[in-house]
Amino acid sequence: MTDRSLEESPPVIAIDGPAASGKGTVAQEVARVLGFHYLDSGALYRLVALTAQRRGIELSDAQALAALARGLEATFDGDQVILEGERVTDTIRSEAVSQAASRVAALAPVRAALLARQRAFRRPPGLVAEGRDMGTQVFPDARLKIFLTASAEERARRRYKQLMDKGMRVSMSDLIREIAERDRQDRERAVAPLKQAEDAVLIDTTSLSVEDVVRAVVERYRSRAS
Ligand code: DC
């Protein structure tokens, strides 16, 4: 890509951070306020994991999983995730799929297979993309990069509330343990590990409301865009 074509690409706001840091809620709301498209990149890894489980593909079979990722028949309809015509929005949020997604996401061929699919979400007037490597790998030229964090306890508390609201019963201590384990896997993997881009703005959301964080991101974007 030439510098000129980069300048003409629709703007991207990249929002990265660990599990349950509030990225999803914040990114969706920022996209709504700005009228931008929205990419939940984690959902793609979750869909690969769910499909693998259903088809009995080993989570260590990188080539089979990459082929699956390339052919994934998935669409997004507002906040609904559709896999081969079936609504799987809640199914992909279960802890079993979360753990499997974290393993699948550690495989370089799977990440490579999903790259073009993620970049295709970049369309006018702009995109808010959330995940782990939006600012570092997928959209390194993002107009604004945000890295959201929150304490592990606060993230477990938020996930607990989310799951209880959906009628799923979980124990808080299991959640803290699972979140810590997933953080470790996401940070320590060799390919595209979770880390803050050098030019990302760090926001610790532990004691902030969603509205506070959305306002901070939108204000920063507007001050850069003008
Ligand atoms: O954001 P999430 O919890 O839905 O992500 C599910 C898994 O996918 C998580 O273990 C991290 C991984 N992931 C990733 O490696 N890169 C992304 N851009 C998004 C998610």
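Just follow the structure's listing: the first ligand is 1, and inside any ligand the first atom is 1. Given the structure is predicted, the values throughout are model-derived calculations rather than measurements. In what follows, every heavy atom counts, from backbone to side chain, and hydrogens, waters and symmetry copies are set aside.
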Return all side-chain donor-acceptor pairs below 3.5 angstrom for residues 17-27, not counting sequence neighbours, or 'none' if the list is empty.
| residue | atom | partner | partner atom | Å |
| --- | --- | --- | --- | --- |
| S21 | OG | P18 | O | 2.8 |
| K23 | NZ | G17 | O | 3.3 |
| K23 | NZ | P18 | O | 3.2 |

For residues 56-82, dump all side-chain donor-acceptor pairs below 3.5 Å to protein atoms at least two apart in sequence or in another chain.
| residue | atom | partner | partner atom | Å |
| --- | --- | --- | --- | --- |
| D61 | OD1 | A64 | N | 3.2 |
| Q80 | OE1 | R87 | NH1 | 2.8 |
| Q80 | OE1 | T89 | OG1 | 2.7 |

Could you tell me which non-hydrogen atom of M172 sits nearest to which non-hydrogen atom of A156, and how far apart they are?
CE-C, 3.8 Å

Less than 4.0 Å from some atom of ligand 1, heavy atoms are found in residues K23, S41, G42, Y45, R46, R93, A101, S102, A105, R111, G131, R132, D133, M134, R182, D186, R189

Is a salt bridge present between R132 and D186, judged by a nitrogen-to-oxygen distance below 4.0 Å?
yes

Could you tell me whether E181 and R177 have a side-chain N and a carboxylate O separated by less than 4.0 Å?
no

Non-neighbouring partners of Y160 that pass ring pair (Phe, Tyr, Trp, His ring centres under 6.0 Å), sequence neighbours left out
none

